[in-house]
Amino acid sequence: MHIADGVLSTPVATATSAATAAVLVYSVKGIKEEEIPKTSLMAGVFFAVSLISIPVGPSTIHPLFAGLLGVILGRRAPLAIFVGLLLQAVLFQHGGLTTLGANTLMLAVPALLSYKLFYGMANRPVFLRGALVGGLSVMVTVVLLAALLFLTDPRFGEGTLSVINILVVGHLPLAGIEAVVTGAALNLIQKAKPGMLEKEETAAIGSS
Amino acid sequence: MFALEIKNLSYSYPDRTPALEEINLKIKARKKTAILGTNGSGKTTLIYHINGIIPAREGSVTVLGLPVCKENLQRVRRAVGLLFDSPDNQMFSTTVSGDIAFGPRNLKLDPVIIDQKVHEAMRKVTIEDLADRPPYCLSLGQKKRAAIAGLLAMEPQILACDEPFSGLDPIVAGQFRDILDQLKVKGATLIYSTHDVNLAYAWADEVVIMKSGRVLAFSGFELLRNEALLQQASLPLPVLAQLFKDRAEKPRTVAEAAKVLDLQPQVRQAKNF
Amino acid sequence: MFALEIKNLSYSYPDRTPALEEINLKIKARKKTAILGTNGSGKTTLIYHINGIIPAREGSVTVLGLPVCKENLQRVRRAVGLLFDSPDNQMFSTTVSGDIAFGPRNLKLDPVIIDQKVHEAMRKVTIEDLADRPPYCLSLGQKKRAAIAGLLAMEPQILACDEPFSGLDPIVAGQFRDILDQLKVKGATLIYSTHDVNLAYAWADEVVIMKSGRVLAFSGFELLRNEALLQQASLPLPVLAQLFKDRAEKPRTVAEAAKVLDLQPQVRQAKNF
Amino acid sequence: MGDNHHTHQLEQHSSYRNAVQPWEPRTKLVAGIIFVFGVISINDLRLLAGALVFAVLFALWTGLAVGQLIKKLLVLAPFLALMSLPLVFSAGIPPAPDRVILASLIILKALTAMTFTLFVFTNQPIEEMLEAMEHLRVPAAITTTIYLAYRYGFLFIHEMQTTVRALKSRLFNAQISRYSLGIYGELSGGLFIKSINRSETVYRAMAARSFQGSIPIGAPRQIAAADWFKAAVPPLYIISLIIIEQVVL
Ligand SMILES: Nc1ncnc2c1ncn2[C@@H]1O[C@H](COP(=O)(O)OP(=O)(O)OP(=O)(O)O)[C@@H](O)[C@H]1O
Ligand SMILES: Nc1ncnc2c1ncn2[C@@H]1O[C@H](COP(=O)(O)OP(=O)(O)OP(=O)(O)O)[C@@H](O)[C@H]1O
Ligand SMILES: [Mg+2]
Ligand SMILES: [Mg+2]
């Protein structure tokens, strides 16, 4: 679920854009040529996957994969997310230019958290760790989304059927789906392409 | 009895590229029919129509008496096995054996039988040692073999193969031809596209010559001796047709030609044509 | 002068599949060298090493006197053009002409010159009419031609081609061979892999025979008359080598054979071997 | 073969070119961003309506057909419904007027911003946008990532399509059952890994053609007086609307 132009107030849109610029500086800093293909690939998959939509009420949600991106890309995840969202906004009219910052932030924060969490408990089964970060990421995204809407206008949160309440409830199934999908995907990657997960670990050591 | 009847079939791709125009064909059952034509002449598009991967919009396709339409799709696809030109387009599972088992599983066969069929198919194309490897980590020819095994495991009545021998090494290609010949004896129909006129001359009962989306000619393999026709289709004459143009004997394989010329009586396993 | 020297090269894929073992080769400049071997024998992997697509970990590769290592990569890649076995793996742009222009653009050539080169390359493989089509909306052979144009537009000194003729129709394949012959006259070196022993017999100066990641033999094309060797490599003898085994004349092409046998003096354009 | 189609495309292309090509991409991009940020800071329905009309005129001038524009904007409909309906009705019926106004503002802003974004990006090859970004000093790591992601994204979509074809040819029936769910899991995993591999081979192909990790860009085009003029109009228009709102109203 990406916010379109016009929903967020100017101060919120400007502040989130500035914050995203800062996150991007962090994400791009020290990037090596070898890291670009993988980052782009994940950005490309992320952008293409937004075409898969699951109807929820009057709107649709689609897989977010913030957790998956975070685990695979580490600090490069915000870059991939930004790029994917930019392409979605420009090519598919999902999201918008003024909300690009907010949308990036909503996914980049959980992605970076997922990375820490996933590698922070390295001795648990991959599926479990993946499911945990996949599910949690969606929830963090929703909380951030709700906060941004509330900051823009408290009326988004008033009433039982308020925008915020509907969004939170609507994303609950997604949290479940993403937990399973992220767990399964990471499990498979570990089996079929172990390099993708290991390399990140060493890269993380190198960069920290 | 015809395995396949195509009437007035025309097709353009969504981007309006015309690919087939007014195709009319009746392909005999229990025969080997080769489709020949230059790049872009419509062979692949025609093969996609045989099992409804591309549904006929103008004109009609009938497989074993069944019109290829939405209601019959499952039955048609059960009867027609398809081999794609690029094996990369055909495989999607994470292991070779899983991929080969995919078709039989959809036929809801008993797991034990599925297992048997998968192993039998792998044995036929000698890829038993690749069973647990992921399909994308193979050499091109190994992928092609795995794709062939996926087709064989389904035991279709009609095999529609798009460039089945390209990428295979010559010995394996020869083995695969033997397998197909055996299936033919058991009643299967084979339709294949190829760029190898020599192969088609030696190893087809009927040939379809295509050009720019149209069928230029369709008849027995003798068609490949017609120089004017082939020239029109921008195809070369088969080597043996060319060499023996002015002679009464018309050998189709190198072994036959060697005998005629008394070159070397003991030409064994002439795997090349 | 050697275009390529390979010393003690071994390679296993990340999943530990061994692909090359102790390869030693010296490939002559301005020659056509064919690499032959069964599926999975390591041809593609070897070709990937020639321009550092896979960096040599054990052993070394030297191209035109330059060791293939990180520092020289750009110069090596400028000298060596690579044609991939599946054209799908090679193209990624949104239009055919854009894809062909990709290489020259990376060489930072002048836009006008790039345009010329792109058009020249498209003309050579007769795909001018496909210029604005997206590469994934083409027939397999059209994709292959576009990939070839992408290679030709870069005008490399060494052309390393993985199964360059597979998927091409015979006439176009013949034209492509003519183009390569012209490039050779101008000083280019050609290294290509193939499954077609007849082609290699007729159209290679040197041959490399591979088996299970090793080089079994490496010498002039006459190697392909050695039946025991080919048997060991699971390859068939070329048809003409087989037919003329016991005779003094050793024709390499069908046209030569026809002359020897006095079969048909006016064999024109024998595009098939 | 393919000739008809070919000329058809060329014609289409040239007509776009006539209309918009002259506008230099850097100035267009910057003007577009200023305009869109300007739009969201207006909170008067009448002024927003004026901005929407302005944006639509620009979009049509690009060569975008009305039908095309409406189709693209309809993509926003479910999203806008989700945002506005609860906002209007969640505090009881009949809805409070301030809520109706807030919802209308959101809808107008979204439509205007999206229409203008369409104007900036349609009928412009992605390469041009990226070149403009590089000339605006966006780091090469970002533009290259956009460039590659764009390619990989379509490669991935294409991969999904071929996979569906392969599935059909082997009798797979899309349905919800325990068996198919298992297959979906395996498939999405397989597809994912396959795409990773495909993109790796593609990257190899790019490297083989001397790709050095950043897209080759040409020299920036000269910004002509006409470009400055065109680039000044949308920002000036939106700023005057903002001034009217702040000062006059
Ligand atoms: N990406 C990969 N990952 C793992 N193993 C691989 C990969 N590609 C090839 N191999 C293995 O490496 C060996 C050599 O493969 P290679 O592709 O070089 O063979 P080849 O001679 O080109 O065969 P073909 O004639 O089928 O193209 C094979 O055993 C193959 O299974
Ligand atoms: N996906 C597609 N979208 C648009 N046009 C296509 C597509 N696939 C093929 N075509 C076009 O349709 C025509 C017929 O293509 P087809 O693939 O059937 O040829 P073919 O005879 O199989 O050629 P080849 O020998 O090269 O495999 C060609 O002009 C081709 O460019
Ligand atoms: Mg084809
Ligand atoms: Mg190979």
Side-chain angles (χ1 to χ4, degrees), chain B residues 12-13 15-19 21 38-42 47-48 50-55 73-84 86-95 98-108 134-138 147 150-151 153-154 156 160 211-214, chain D residues 1-13 68 71 123 152 154-205 208:
Chain B
S12 295
Y13 278 96
D15 64 357
R16 303 222 200 111
T17 315
E21 285 174 56
T38 54
N39 293 139
S41 57
I47 286 175
Y48 281 169
I50 300 179
N51 77 346
I53 285 293
I54 298 182
L73 225 46
Q74 278 307 102
R75 284 162 75 194
V76 167
R77 288 192 180 144
R78 192 168 196 142
V80 182
L82 203 67
L83 186 72
F84 289 72
S86 311
D88 277 319
N89 292 345
Q90 181 152 351
M91 285 180 294
F92 40 76
S93 299
T94 42
T95 62
D99 205 274
I100 300 171
F102 183 79
R105 270 200 207 127
N106 285 328
L107 297 178
K108 310 243 154 48
Y136 22 78
C137 284
L138 301 179
L151 172 76
M154 294 193 68
K211 163 136 189 147
S212 308
R214 296 180 176 274
Chain D
M1 261 210 163
D3 267 357
N4 281 337
H5 164 80
H6 183 76
T7 44
H8 171 75
Q9 258 203 346
L10 265 186
E11 274 164 20
Q12 258 191 343
H13 240 80
Q68 229 179 334
K71 220 171 87 191
N123 305 329
Y152 290 159
F154 281 100
L155 213 65
F156 186 75
I157 293 170
H158 187 64
E159 201 75 55
M160 290 201 270
Q161 286 165 345
T162 39
T163 301
V164 168
R165 207 156 61 185
L167 282 173
K168 281 202 253 167
S169 85
R170 287 205 267 162
L171 292 167
F172 184 64
N173 249 340
Q175 61 193 31
I176 302 293
S177 69
R178 257 185 64 198
Y179 167 68
S180 345
L181 283 181
I183 293 286
Y184 288 136
E186 161 117 14
L187 274 182
S188 37
L191 186 66
F192 184 66
I193 304 270
K194 193 173 156 186
S195 307
I196 292 174
N197 274 281
R198 176 62 63 98
S199 60
E200 274 170 7
T201 30
V202 164
Y203 194 78
R204 281 180 181 172

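Below, chain A is the first sequence line, B the second, and so on; all start at residue 1.
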**Q.** B/Arg75: partners by salt bridge (Lys or Arg N to Asp or Glu O under 4.0 Å), with sequence neighbours left out
**A.**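 By the salt bridge (Lys or Arg N to Asp or Glu O under 4.0 Å) rule, B/Arg75 matches no residue at all.
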* Closest approach of D/Ala166 and B/Phe84, non-hydrogen atoms and distance? ->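 That closest heavy-atom pairing would be CA-CZ, 4.1 Å.
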Original post:
Got a sec: does the CZ of B/Arg78 have more than 12 other heavy atoms crowding it under 6.0 Å?
Top reply: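 Result for CZ/B/Arg78: open.
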query: Taking B/Val80, B/Ile53, B/Asp88 one by one, which has the highest count of heavy-atom pairs under 4.5 Å against chain D?
result: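 The answer is B/Ile53.
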Most heavy-atom pairs under 4.5 angstrom with chain D, which of B/Leu151, B/Asn89, B/Thr95, B/Leu82?
->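 That would be B/Asn89.
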Less than 4.5 Å to any heavy atom of chain D: does that hold for the side chain of [X], its backbone, both, or neither?
X	answer
B/Tyr13	neither
B/Asn51	side chain
B/Leu107	side chain

Partners meeting side chain to side chain contact (heavy atoms under 4.5 Å, CB included) with B/Leu73 (sequence neighbours left out):
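So B/Leu73 forms a side chain to side chain contact (heavy atoms under 4.5 Å, CB included) with B/Val68, B/Arg77.
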